[in-house]
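Worksheet for the structure shown next.
Because the structure is predicted, anything quoted here is derived from the model rather than measured. Only heavy atoms go into these numbers, but all of them, side chains included; no hydrogens, no water, no symmetry mates.
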Amino acid sequence: MIKVLLVDDEQFIRQGLKQLVDWKKYGCQIMAEAENGMDAIRILEEMDIDLVFVDIRMPGMTGMELISYVQRNLHRPIRFVILTGYAEFEYARKALQMSVIDYMLKPVQEEELIGILKRVNMDYHMNQQEQREKYEFHISQVLVGKFSEKNLTQVRRYLSEEGLEKYVSFEFDKNQKEFAGLSQSGRMEQQRDLVQYLKELVGEFVYHVVPIVETEEGFFGAGLIVAHAMYKNDYSSEEQYLEYLQKRVEQHFLYPVQVYAGQKAETFEQLSQSFFSIRVARCLHGLAQENPSVGNYEDFRHRKSSMGIKESDVDRLLEAVKDNHVSEIEESAEQIFEQIRDSDMNMEMVNASIYHILYRLMEMVQEFDDETNQQEILEYIGKESFNKMVLAGSTEEITGFFSDYAGYLAQVRIQESRKILDKVDAYVQKNYMEKMSLKSLGEQFYVNNVYLGQLYKKKYGIAFRDYLNNLRMEKAEKLLADTNLRIYAIAERVGFGKAEYFINKFVQMYHMTPNQYRIRNRRAGSEVDHEE
């Protein structure tokens, strides 16, 4: 809702404006009135006002002087509409040079006021959308730990570090049958609805709610940056507040939502640690015998240290992987999973055991391919596949990883499979806008997805995901320059689906928003045409 201030020394003018139209119908709410410039300044300093209707001539301080003061001292995007008489038309012209959006002659006519309110409402919401997109980019950079001082400065425009507590993730259960059966666009729609609903629940703290940034890992939901002020008046603890939010969310949506709370964060610089600790909470929540409604990192991190996995069980698992015996892999992986769970291992011990198995797997692949780069295997499988699957905290995904790796080993032994990359690449170039992944491509072309990813990395020097994103960006560039399609339509047409994700990726690559890119390229084109 656009917050409005009326400033005029004549009360009947202010009263007439209030009664002339239904302000709320046009997205506006009159928050306050002032009869002179000094009162208006006091209100503007105390309240978050978006739009001011001001009389151009008032005793003490004119409307022009008020506008000039606000623009010099308040540094906020406050819009002004001036009220003037015929005799003051030159003042009105001067005011328009001061970025005043419009003026109205007294007595104000209903049609004229409605026209201005409609235009202000449209401009306001377009500006709000652009600001949200920029904010979501900056906060996402902060969360993933790739922030600059500029990112922090922009985030501080919307959030306060005072009482900052942690990052919390509200996630749809991606393994739940009904949710897993949704299309990518269907899951994105559920995510958008969840973000919007959480914003309604948190009231004035709307900028504390952000879209989840782990959609590429298959997680969909919303992030919440918790601050003490959000619950201090109505709830005895943060946990009680989160349980209330989860209950409301699960009542509102058809699909179950799990909540994970990260480690404490008292500054924006620490938010990335809180964000990444969600993965630990997710894993340990999956390992726990009893799963609380809120998977809190602080509750899990104090698990006692205990002995690791039995080496004989690791040998048994690796032998099954080597021979590509799926049933034996499932049985051995389940046994190891139970050991981790039942031994009450802390996260350090879990990690140590996981990476021990990882190194054993890496050594195994070299038995079949002497040219294999150890560091490449470690980075690709370790970071891109293994950690994501294990940190999801479910037996099925851990078992699935080992089965995939067994298939990978089998593929390495078939040297002629390397010729398949040309066929896969031709398909990707033609169908880049469709939902695709290494897994879906592997199933379609009968090649192990991990091995296929390695082939892409060897040929292009980047991961398949980055290769696909770059290809989609090239297509988006052309659409931005050559069409008038909306940003969300371009995002969908080139395969990104989610406009917010597309915008974030575009800014990372081109250091400007898609709209800025479009304007710059259109202007450049116009100049060339003119010169020719």
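- For E189, the salt bridge (charged side-chain N to carboxylate O under 4.0 Å, His left out) criterion is met by no residue, not counting sequence neighbours.
- Counted by atom type alone, R157 and Q154 present one or more donor-acceptor pairs between their side chains at under 3.5 Å.
- Using a 4.5 Å cut-off on side-chain heavy atoms (C-beta onward), P211 and Q191 make contact.
- A40 and A34 make their closest contact through N-CB, 3.7 Å (heavy atoms, listed as atom of the first residue, atom of the second, distance).
- Classification of the F502-F496 ring pair by plane angle, with boundaries at 30° and 60°, yields tilted.
- Under the 3.5 Å distance criterion, with hydrogens and angles disregarded, no donor-acceptor pair is assigned to the side chains of Y510 and Q516.
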#### Entry: Stepwise salt bridge (charged side-chain N to carboxylate O under 4.0 Å, His left out) test for E269 and R156
CA-CA 12 Å; E269 288 87 346; R156 289 189 177 104; 3.7 Å; yes
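- Summarising the geometry of V294 relative to E243, their closest heavy-atom pair is CG2-CG, 4.0 Å, with the distance given to 0.1 Å.
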Taking only distance into account, with no hydrogens and no angle test, what donor-acceptor pairs under 3.5 Å do side-chain atoms of residues 193-210 form with protein atoms, sequence neighbours excluded?
| unit_1 | atom_1 | unit_2 | atom_2 | d |
| --- | --- | --- | --- | --- |
| Y197 | OH | R248 | NH2 | 3.4 |
| H208 | ND1 | I225 | O | 2.6 |

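- Taking the six-membered ring where the residue is Trp, the centroids of F275 and Y167 are separated by under 6.0 Å.
- Using a 4.0 Å cut-off between a side-chain N of Lys or Arg and a carboxylate O of Asp or Glu, K134 and E130 qualify as a salt bridge.
- Inspection of the S169 and E171 side chains reveals an N or O donor paired with an N or O acceptor under 3.5 Å.
- Aromatic ring orientation, Y235 versus Y244: tilted (interplanar angle from 30° to 60°).
- Taking every heavy atom of both residues into account, M31 and M47 meet most closely at CB-CE, 3.6 Å.
- For the side-chain hydrogen bond (donor to acceptor under 3.5 Å, both in side chains) test with Y231, the passing option among E238, Q240, E165 is E165; the others fail.
- D315 and S312 share no side-chain donor-acceptor pair at under 3.5 Å.
- Between Y467 and Y456, the ring planes lie tilted relative to each other; the angle falls in the 30° to 60° range.
- Note that CD of Q263 and CZ of F276 are 11.5 Å apart. Values are rounded to the nearest 0.5 Å.
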